[in-house]
Structures are given as C-alpha cells and as structure tokens.
2 protein chains.
Amino acid sequence: MNSHTEENYLKAIYKLIEHDTDVVTTNAIADKIKTKAASVSDMLKKLADKKLINYQKYQGVSLTPKGQKVALNIIRKHRLWEMFLVEKLDFKWDEVHDVAEQLEHIHSDKLIAEIDKFLNYPKVDPHGDPIPDVNGKLQLQKSKSLSNFSTGDILVITGVVDHSPAFLRYLDKSGLALGFEIKIKEIIEFDKSLQIMINKKNTLFISLEVAKNILVITK
Amino acid sequence: MNSHTEENYLKAIYKLIEHDTDVVTTNAIADKIKTKAASVSDMLKKLADKKLINYQKYQGVSLTPKGQKVALNIIRKHRLWEMFLVEKLDFKWDEVHDVAEQLEHIHSDKLIAEIDKFLNYPKVDPHGDPIPDVNGKLQLQKSKSLSNFSTGDILVITGVVDHSPAFLRYLDKSGLALGFEIKIKEIIEFDKSLQIMINKKNTLFISLEVAKNILVITK
DNA sequence: AATAAAATTTAGACTAGCCTAAATTTTATT
DNA sequence: AATAAAATTTAGGCTAGTCTAAATTTTATT
Ligand SMILES: [Mn+2]
Ligand SMILES: [Mn+2]
Ligand SMILES: [Mn+2]
Ligand SMILES: [Mn+2]
C-alpha cells in the first residue's frame, strides 16, 4: 500500500507528464506539490525503490506502468468523488476540489466501485475531465481551447483548463456551463477578445485569457 | 486542526469512558488503539498541552469539554458515513466499519452536513448506535441487553454490543435484524441459553453469550 | 510498614516527510 | 573549452508517531 504522500507525488508526476514532456523535473514536482526540491529528491529515491518511477539522478522522472496505474486510480477516485459531490450532494463545481483531494486517498475498492455504480458510470467529472476506468484506461479528449477557433464557428463547451474556483465562478456568473453552445460572433483584432453568443440567446464578451481556458468541440 | 492520530486517540478515550468509569488508563488506551503504553504516554502529553484532555501523570485521563466535542464529532462522522454506505450504496452492516474509520477523518463541515441532509437526518446508525448532532448532543440509549429479560417478555432489537463482522453475519444468518420483534419462549436453566420467537414466525436458539450482545427495548 | 507486582513514564532510537545550507552535476554562455 | 548559472542532490536537522528497554510510581500483598 502507498502512503497518502506517495500517492500525491505519483499523481503530480502523472499530471506534469500527461500532455507535455516524457520526463518531469525535480523542480516542477516541487512547484506542483508545494514542497522543496530537496524533499522531492528524497521521495524520488523512495518511489524508485518501490519501482513506481523511472529515475536516474539528475535525469528527470517518469512513471513505470505500475506507478501510472496508481496515479490513474487516484485520479479516478478524485473525479468520481467530485461527481458524487455535485450530482448527489449540493456542491457546486467550484467547491469540490479540496474535499476530493482528501477523499481520493480513501482505500476501498468496493467503495469506489459502488460510487461509480451509484453515479451510473459517468464518463467525465464536473469539470469535463475524463474519468479513468478501473483498469486505468482514459478516454482521450479531442477538445481544444476556444481561442483556437474563428468567427462563425459553432462550438460546445466540454471543459476548462483553469480549475480555480475564481475562474469557475466567473463562468457561472457569465452564464457559461458545460454542454452549452457557443457561436463566435466576432474576434476583436486588437486584443483577440471575443464576442460570443451563448445557446443562441445571450451575447457575451470574453478576453483571450478566458477563451484560452475554455475547452470546446465543434458542434 | 487535529491530526488523524490525535482524533483516533480522542475517540478511543471517549469510548472507553462512555459507559464505565470517569477516567481511563494508559494501558486501556494502548489496547484499544493497538499501540504500546509508551506511545500513549507521549500522546497524552501532547493532548494535554492542547487542552483536549485532563491528565496528570499516573492518574488516568478524561476528556475536557473541548476534547469531548472533537470526539463526538468524529463519532458523528463515522456513524453518518456508515449510514450512507448502507442506505445509499450496497454495503452490508458488517462491511462498513473499516471504510468509515477512514472517512471519519475527512475534514469538511459542508460535506458532513450534506450527507446528513441526503440521509434525511438519521438518528441512529446501521448498528443502532445514536448519531450525535452537530453540537455533539447524543440521544441516550434506554436499551438493555437481551440477557436481562425473562420468559414471556416481548422485545424489539435496537442494537448490538459486539460490532464484529463475525457477530453481525451470525445475526444475518439467524434472521435477526434491527427492528425485529423477539419473544422469549424459554430460558434454559442449565446454561441460560434462550429459545426465542422472531417476528411471531420463527423459533431460534441462542446462547447467553449471543443474548448479551443483542440490545433490545420492551415493546 | 515493607516488599513485590503492575502500571506508567522516560530515555533513546527509528521511519516518514519536510526543511535549509552546502556540495555536486548539468546546462548555458562566453 | 572554460566558466558561470541553474538544477539537483546530499548532509544534517526537525517533528510526529512509533517502539524497546530501563526507571519510576502506584497498587497489592504479605
Ligand atoms: Mn479537482
Ligand atoms: Mn475535476
Ligand atoms: Mn463502526
Ligand atoms: Mn456503527
């Protein structure tokens, strides 16, 4: 069994590698976990001993298949718990993260299987992120940032890049939510800010920064 | 905020004092927590510093009002989670304890309030134990052990003393559950074992040992 | 009241995780 | 290729929580 702390390291490494590089640096992990590089070095030695990561001093780290499985299981639990909080209890999507950070470390295969069943086997979490299956298989996301599209494009919101409560509440306030349709009415030349139409009803102006953090697929 | 470990010590102290004495000994705590007396002594010093227990060397411990509040809150969470597992997920009453031991340490007032609401504010847990309210107020139990009653008495099962999976499964197998009616048909002189009638339908023989572990109220 | 037994605490050591400061290695720049 | 800068690791130390063995205190028994 892995400790709470080890699980957090593995998840951090997974997330840092996920999109970008093939190995991740000590400093990047330290940043992510909000700890110091020296502490990370210590932990990397331990995780390497347990065959959870590939690690050679000074050369960066990657997850072994075994480590990846652990990481994906933590992510699975995190996302299922978030879904539970939003769907079954009265949590908003900006309130779930911190609690899920704790719940993801509860050890019980039966519990997570039952929660999955209770939620009717959801495929994505409240932020549109895919939920890995029991075997750690992950649906790959074909969504792209709204900032990649052009005037006239009709899109559906499928996720967010920034998961901060501040950003999520801004979306709420602006009338934006997962599944909503967006049509790009105009892109302002000067600063690339956008005028969009939401669900064929309301017009909204958003900055490029905001657009970058909204994930969409073409309708 | 108190650590996972501190919470477990406070809960153990609460439970040891609950019925019996006014103070609890170091060894009793060590037994309960499955740790050594020396470790308990260390922790008692810490809990006393935090004003969670009354403690003078060699003289036993009791909880301060502050410590009692923490203990009761952990017990509240434990029992609500057990109720959730049984009522909303497909857990049996003999399967919930270990998971609830983990879940009781999740820190989130909103979460536990929502679970309470979701369950429609239950008063007792799946084992018939009362659930403390948000302020740590506890319904006192007027139930007594089945071994205290006599031939002809008609009773209702309200709880159990032994919470072990083995005992709980034995009750399942014997057709006994909370809320069921029991009529004592006969008490065998020799070993005080009982013949009982369950819900006016089935007859069952149980040992004195089993009777001691079944809590009932008179109908 | 003295002594033996039991309970409890203290001493000293260990592991997990974390830290700062110093040493080492890698990478970037001249 | 040499040197400077940045990244990383190591050294040494700290806290929480645990343990064994030794010392101390309380309780039980003579
Ligand atoms: Mn999250
Ligand atoms: Mn999420
Ligand atoms: Mn329990
Ligand atoms: Mn219970």
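Letters A, B, ... are given to chains in the order of the sequence lines, protein chains preceding strands, and every chain is numbered from 1. This is a predicted model, so every value here is computed, not measured.
Note: NE2 (A:His4) to P (C:dT15) measures 23 Å, nearest angstrom. Following rounding to the nearest Å, A:Asn2 (CG) and C:dA16 (P) show an atom-to-atom distance of 13 Å. Taking atom CG of B:Leu44 as the reference point, atom C1' of D:dT18 lies 14 Å away to the nearest angstrom. Nucleotide C:dA16 holds its P atom 10 Å from the CG atom of A:Asp49, rounded to whole Å. Rounded to whole Å, atom P of C:dT27 lies 6 Å from atom CD of A:Gln59. Between the C1' atom of D:dA7 and the CD1 atom of A:Ile29 lies a distance of 13 Å, rounded to the nearest Å. When the P atom of D:dT24 is taken as reference, atom NZ of B:Lys57 falls 11 Å away, rounded to whole Å. Distance, B:Lys45 NZ to D:dT18 P: 14 Å, rounded to whole Å.
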When you compare the protein's N or O atoms with those of nucleotides 19-23 of chain D, which come within less than 3.5 Å of each other, and at what distance?
residue	atom	partner	partner atom	Å
D:dC19	OP2	B:Thr35	OG1	2.6
D:dC19	OP2	B:Lys36	N	2.9
D:dC19	OP2	B:Ser39	OG	2.8
D:dT20	OP2	B:Lys36	NZ	3.3

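Counting only Watson-Crick and G-U wobble pairs whose two distances sit under 3.5 Å, DNA chain D takes part in these stems of three or more pairs: C:1-30 with D:1-30.
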Output a table of donor-acceptor pairs, distance under 3.5 Å, between side-chain atoms of residues 116-130 of chain A and any protein atom two or more places apart or on a different chain; print 'none' if there are none.
residue	atom	partner	partner atom	Å
A:Asp116	OD2	A:Arg76	NH2	3.2
A:Lys117	NZ	A:Glu114	OE1	3.2
A:Lys117	NZ	B:Asp90	OD2	3.1
A:Asp125	OD1	A:His127	N	2.7
A:Asp125	OD1	A:Gly128	N	3.1
A:Asp125	OD1	A:Asp129	N	3.0
A:His127	ND1	A:Glu82	OE1	3.0
A:His127	NE2	A:Trp93	O	2.8
A:Asp129	OD2	A:His163	NE2	2.6

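Under the side chain to side chain contact (heavy atoms under 4.5 Å, CB included) criterion, A:Ala211 pairs with A:Leu146, A:Ser147, A:Leu194, A:Ile206, not counting sequence neighbours. Scored by the side-chain hydrogen bond (donor to acceptor under 3.5 Å, both in side chains) test, A:Asp49 finds no partners at all (sequence neighbours excluded). Shown here are the ring-ring contact (aromatic ring centres under 6.0 Å, His included) partners of A:Phe84, two or more places apart in sequence or in another chain: A:Trp81, B:Phe84. Applying the ring-ring contact (aromatic ring centres under 6.0 Å, His included) criterion to B:Phe91, with sequence neighbours excluded, gives no partner residue. Taking the salt bridge (charged side-chain N to carboxylate O under 4.0 Å, His left out) definition, one finds that A:Lys50 meets it with A:Glu6, sequence neighbours left out. A:His107 pairs by the ring-ring contact (aromatic ring centres under 6.0 Å, His included) definition with nothing, not counting sequence neighbours. Take A:Asn148 and apply the side-chain hydrogen bond (donor to acceptor under 3.5 Å, both in side chains) test, not counting sequence neighbours, and it matches no residue. Listed by chain and residue number, nothing satisfies the side-chain hydrogen bond (donor to acceptor under 3.5 Å, both in side chains) test with A:Ser143 (two or more places apart in sequence, or in another chain).
Remark: B:Thr26 is in phosphate contact with C:dT9, judged by side-chain N or O atoms under 4.0 Å from OP1 or OP2. Regarding contacts with the backbone of C:dA6, every side-chain N or O of B:Asn27 stays at 4.0 angstrom or more from both OP1 and OP2.
Closest contact between the side chain of B:Thr5 and the listed nucleotides D:dT18, C:dT8, D:dT8 involves D:dT18.
Taking a cutoff of 4.0 Å between a charged side-chain nitrogen and a carboxylate oxygen, A:Glu101 and A:Lys11 qualify as a salt bridge. At a threshold of 4.0 Å, the pair B:Glu104-B:Arg79 does not count as salt-bridged, since none of the basic side-chain nitrogens sits closer than that to a carboxylate oxygen.
For the pair A:Glu6 and B:Tyr55, both in contact range of DNA chain C, the more 5′-proximal nearest nucleotide belongs to B:Tyr55.
Side chain of B:Asp153 to backbone of B:Ser150: a donor-acceptor contact under 3.5 angstrom is found.
Proximity of residues 7-14 of chain A to DNA chain C (heavy atom under 4.0 angstrom from any strand atom) is restricted to A:Tyr9.
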